[in-house]
Trainee: 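Can you read through this structure? Questions will come right after.
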Amino acid sequence: MTDTTNDSLRQAALFYHENPRPGKLEIRATKPLANGRDLSRAYSPGVAEACLEIKADPANAARYTTRGNLVAVVTNGTAVLGLGNIGALASKPVMEGKAVLFKKFANIDCFDIEVNEPDPEKLAEIVCALEPTFGAINLEDIKAPDCFIVEKICRERMNIPVFHDDQHGTAIVVGAAATNALHVAGKDWGDIKVVSTGGGAAGIACLNMLLKLGVKRENIWLCDVHGLVFEGRAEDMNPQKAAFAQKSDLRTLDDVIDGADLFLGLSGPGVLKPEQVSRMAKRPIIFALANPTPEIMPDLAREAAPDAIIATGRSDFPNQVNNVLCFPFIFRGALDVGATEINDAMQVACVEGIAALARATTSAEAAAAYRGEQLTFGADYLIPKPFDPRLSGIVSSAVARAAMESGVALRPLDDLKAYKQKLDASVYKSALLMRPVFQAAATASRKIVFAEGEDERVLRAAQAILEETTEQPILIGRPEVIATRCERMGLEIRPERDFNIVNPENDPRYRDYWNSYHEIMARRGVTPDLARAIMRTNTTAIGAIMVHREEADSLICGTFGEYLWHLNYIRQVLGDAKHHPQAALSLMILEDGPLFIADTHVHQQPTAEQLAETAIGAARHVRRFGIEPKIALCSQSQFGNQQSDSGLRLRDAMQILDARDCDFCYEGEMNVDSALDVDLRERQFPGNRMQGAANVLIFGHADAASATRNILKMKSGGLEVGPILMGMGNRAHIVTPSITARGLLNMAAIAGTPVAHYG
């Protein structure tokens with residue numbers, strides 16, 4: 001990089017740490033503290049009750065305090081990244097960053113603790129004294145061999161997990177990457193020769209992990225800055241290094257590299273030379289993990305051995321060995337079962353979970369986060385990406401199982417499957433709310449046709465549909481394009497084998513389709529020639545015809561294009577006296593719960609009758625999610641205080657609903673804040689018919705509904721499920737171009753629910 005680029009990156013990093021507030025952490029209360037009643041419960045006198053419960057049974061600390069979800073990241077700053085001994089204070093940005101990763105990837109609360117104590121035994125005393133506060137300890141950036149001493153003392157004296165991430169986190173990710181590298185290379189643990197450089201904490205821990213996985217001790221050759229670690233060597237030795245001493249006359253890395261299957265580098269730049277790579281075994285595995293400059297650059301290693309399998313510690317090359325794949329999830333599993341330690345069985349379970357995930361189909365979320373990268377299992381994709389949302393469910397549940405089976409879990413789980421579902425729900429914000437919909441969809445195997453079958457999001461959704469549901473996806477698109485994209489994205493599904501295809505360019509049903517379309521549209525100005533052209537070019541119309549002909553149960557379209565354009569063809573083909581588009585309903589999943597918004601797309605300025613239909617349809621659909629609807633008809637007018645257009649229409653809608661004797665709660669017309677704030681509404685209209693906050697907002701203008709939906713998405717982090725097209729008997733849904741693959745899976749579950757389940 002140029003000096004200008006380096007300076008630009010430096011300034012950007014400093015700006016990130018300084019603005020809008022210094023640092024990367026804050027403390028937030030989890031309970032309300034708004035009045036005297038709250039204060040009396042949070043502090044004196046109510047807090048005494050929690051104290052007494054914990055005194056009676058220390059395990060109650062996990063019930064009444066944050067301890068069961070609280071980790072300390074502890075360092076003395078003696079070995080910080082590649083910066084060396086920079087001291088405790090200078091290490092604080094790193095420890096704050098570690099705490100942020102705990103929260104982001106595993107929802108674990110974390111305090112960073114930087115201690116000015118170079119003596120390892122005294123540091124261990126300090127850490128041990130912290131046990132009442134924390135559920136687990138993450139030791140970080142402590143130099144070797146002091147880190148071995150600190151960890152040993154803490155593990156012996158503390159009854160909570162103590163994990164030195166620089167050692168064991170690195171070892172676990174290396175173990176997972178090596179597991180898959182051997183799989184790709186066709187080699188076995190018991191047969192390989194390992195040559196390692198770096199006798200520090202991470203290097204020793206990695207070698208110990210390889211032993212657990214099946215490498216023979218006599219096949220491990222450890223080198224450090226002084227050369228080979230051999231029996232009888234006195235220089236710069238410690239018991240951890242001595243455990244790998246070879247009885248040999250060889251003395252240097254160059255002496256021992258011949259025939260090596262795996263080079264494991266945790267040392268420094270340029271240690272491994274291209275000519276040494278050329279002397280390694282066929283299909284050599286090279287883990288050059290020194291940062292920022294590895295032991296050998298991947299391009300040089302590839303020149304010396306074109307068939308090499310390479311991993312580094314850098315994000316700009318494939319196969320980055322990154323501890324974040326491990327530590328949030330191993331702590332998550334350990335905390336959730338009240339583990340007293342993180343033992344070998346839990347670490348190996350973590351290795352196996354990470355490795356297995358890389359061999360599975362790549363998640364849509366990971367693909368979106370790493371757009372442009374090839375995420376197909378193989379030599380350049382040995383371990384999953386940190387933003388793969390499946391890590392939590394797969395790895396943490398594997399760790400929890402291992403803790404229980406090895407007898408170190410104080411709070412064993414009754415149902416591991418339910419635990420994994422809970423973890424998935426914490427990552428996929430829609431999972432919990434969508435569960436009743438998925439359960440209802442599982443009662444029937446419906447055929448869902450996707451109009452934009454070549455779209456990457458649709459292909460990933462189709463893979464998920466086949467893995468997670470009983471539905472049968474049908475894709476409209478060119479088979480060769482779909483097959484190529486599936487292969488390029490590392491998807492296991494293939495056209496015709498796993499799902500059916502409708503090829504607009506050449507399909508044997510083409511004549512049947514255009515004839516059907518012409519029959520419907522003949523008296524609306526559509527000639528046979530136009531019908532033929534539409535059935536060659538308009539995939540939404542093709543999908544609608546398939547539903548009309550009962551070749552599919554429901555259509556999903558709209559991943560690109562304008563909503564009303566798609567709606568026009570759905571209304572043409574599938575609209576009749578019984579079915580007509582009522583409104584578009586969006587479920588917004590917010591931090592404090594779900595909120596439904598309508599009508600966001602169908603009617604620009606709905607009539608009173610249409611507003612009443614929207615309310616009735618919304619109530620029906622909201623109940624599909626296991627939620628009892630509380631519907632607010634929203635306007636600038638409030639309980640008759642303005643004679644505005646929307647206010648008048650909403651008042652008329654209220655009268656229509658009253659006349660129909662509806663079985664759900666509704667109220668209006670009112671402002672949005674009144675709908676959501678119970679106290680405010682009671683002050684304005686005491687004794688109104690709604691109890692609690694509204695969970696459905698229906699607007700008199702599509703502009704207002706759409707703006708509310710988009711504001712909640714962009715400024716409040718709301719996750720949208722939908723839009724759900726109401727009134728069409730669940731035969732068609734139009735999504736929006738911002739939809740994700742997960743969103744399409746959710747819509748498929750909604751489309752896959754038999755009509756009988758929601759009326």
Side-chain angles (χ1 to χ4, degrees), residues 28-43 46 433 583 585-600 606 608 611-623 625-701 703-709 711-712 715-718:
R28 297 180 63 187
T30 62
K31 305 291 192 298
L33 192 61
N35 50 47
R37 181 191 62 185
D38 292 342
L39 182 60
S40 69
R41 292 174 178 177
Y43 202 56
L433 281 168
L585 176 70
S586 287
L587 162 58
M588 307 303 300
I589 302 175
L590 307 173
E591 188 173 331
D592 60 351
L595 185 65
F596 294 83
I597 310 292
D599 170 18
T600 53
L611 286 164
E613 277 193 339
T614 299
I616 293 168
R620 183 174 65 244
H621 282 272
V622 168
R623 283 173 173 154
F625 295 89
I627 298 170
E628 190 58 31
K630 296 181 181 180
I631 297 177
L633 304 179
C634 296
S635 167
Q636 186 180 13
S637 175
Q638 178 130 276
F639 301 119
N641 71 350
Q642 294 184 23
Q643 300 304 306
S644 64
D645 170 68
S646 66
L648 293 171
R649 285 185 287 113
L650 288 165
R651 271 175 244 162
D652 290 343
M654 286 284 295
Q655 292 180 4
I656 295 171
L657 292 172
D658 290 344
R660 293 187 183 180
D661 194 24
C662 298
D663 66 345
F664 56 87
C665 174
Y666 58 93
E667 182 60 283
E669 86 285 8
M670 69 179 90
N671 296 169
V672 171
D673 56 354
S674 300
L676 301 177
D677 187 329
V678 178
D679 293 337
L680 176 61
R681 188 170 67 246
E682 281 298 316
R683 289 200 302 271
Q684 293 165 337
F685 187 3
N688 65 85
R689 67 176 78 183
M690 182 174 290
Q691 300 297 314
N695 53 27
V696 183
L697 306 180
I698 294 177
F699 292 88
H701 287 278
D703 288 351
S706 182
T708 301
R709 160 184 168 266
I711 289 169
L712 291 174
K715 301 303 289 185
S716 297

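As a basis for the values below, the full set of heavy atoms in this structure was taken, side chains included, without hydrogen atoms, waters or symmetry mates. Remember, predicted model here, so these are calculated numbers, not experimental data.
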Trainee: Taking all atoms of both residues into account, what is the closest heavy-atom pair of Ala583 and Thr614, and its distance?
Mentor: CB-OG1, 3.3 Å
Trainee: Using side-chain contact (heavy atoms from CB on, under 4.5 Å) as the criterion, list what pairs up with Arg41, not counting sequence neighbours.
Mentor: Arg37
Trainee: Please check if the side chain of Arg681 supplies one atom and the backbone of Gly692 the other of a donor-acceptor pair under 3.5 Å.
Mentor: yes
Trainee: Measure the OG-CG distance between Ser716 and Leu590 for me, rounded to the nearest 0.5 Å.
Mentor: 6.5 Å
Trainee: Rounded to the nearest 0.5 Å, what's the gap from CD on Glu682 to CG on Asp677? Could you check?
Mentor: 10.5 Å
Trainee: Flag the pair Leu595 / Leu712 as yes when at least one side-chain heavy-atom distance between them is below 4.5 Å, and no otherwise.
Mentor: yes
Trainee: Using atom types as modelled and distance alone, determine if a side-chain donor or acceptor of Asn671 lies under 3.5 Å from a backbone N or O of Ser635.
Mentor: yes
Trainee: On a heavy-atom basis, which atom in Ile597 and which in Met588 lie closest, and how many Å separate them?
Mentor: CG1-CG, 3.9 Å
Trainee: Who pairs with Gln636 by side-chain contact (heavy atoms from CB on, under 4.5 Å), at least two apart in sequence or on another chain?
Mentor: Gln642
Trainee: About how many Å separate CD1 of Ile698 and OG1 of Thr600, when rounded to the nearest 0.5 Å?
Mentor: 11.5 Å
Trainee: Please name the pair of heavy atoms, one in Ala693 and one in Val678, separated by the smallest distance, quoted to 0.1 Å.
Mentor: N-CG2, 3.5 Å
Trainee: For the backbone of Ala34 and the side chain of Asp38, can you confirm whether one donor and one acceptor N or O come within less than 3.5 Å of each other?
Mentor: yes
Trainee: Would you call Asp645 and Arg649 a side-chain contact if the rule is heavy atoms closer than 4.5 Å?
Mentor: yes
Trainee: Taking side-chain contact (heavy atoms from CB on, under 4.5 Å) as the test, write out the residues that go with Arg683, two or more places apart.
Mentor: Asp679, Leu680
Trainee: Working to the nearest 0.5 Å, report the span between CG of Leu697 and OG of Ser586.
Mentor: 11.5 Å
Trainee: Rounded to the nearest 0.5 Å, what separation is found between the CD atom of Gln684 and the CG atom of Asp673?
Mentor: 6.5 Å
Trainee: In the structure I gave you, are the side-chain heavy atoms of Leu611 and Asp599 within less than 4.5 Å of one another anywhere?
Mentor: no
Trainee: Check whether any side-chain heavy atom of Val672 sits under 4.5 Å from a side-chain heavy atom of Thr708, and report yes or no.
Mentor: no
Trainee: Write down the atom of Cys662, the atom of Ile616, and the distance for their closest heavy-atom approach.
Mentor: SG-CG1, 4.2 Å
Trainee: Quick one: are Leu650 and Ser637 in side-chain contact, heavy atoms under 4.5 Å?
Mentor: no
Trainee: Check for a donor-acceptor pair, side chain of Glu667 on one end and backbone N or O of Arg689 on the other, with a separation under 3.5 Å.
Mentor: yes
Trainee: Is any side-chain heavy atom of Pro629 closer than 4.5 Å to a side-chain heavy atom of Arg623?
Mentor: yes
Trainee: Within the distance-only criterion (no hydrogens, no angle test), does the side chain of Glu669 pair as donor or acceptor with the backbone N or O of Gly640 below 3.5 angstrom?
Mentor: yes
Trainee: Can you name the residues that form a ring-ring contact (aromatic ring centres under 6.0 Å, His included) with Phe685, not counting sequence neighbours?
Mentor: Phe639
Trainee: Are the side chains of Leu587 and His621 in touch, meaning some heavy atoms are under 4.5 Å apart?
Mentor: no
Trainee: Of all the heavy-atom pairs spanning Ile631 and Ala615, show the shortest one and how long it is.
Mentor: CD1-O, 3.3 Å
Trainee: Going by the ring pair (Phe, Tyr, Trp, His ring centres under 6.0 Å) test, which pairs reach into residues 641-672, not counting sequence neighbours?
Mentor: Phe664-Tyr666
Trainee: Apply side-chain contact (heavy atoms from CB on, under 4.5 Å) to Gln691 and list each qualifying residue two or more places apart in sequence or on a separate chain.
Mentor: none
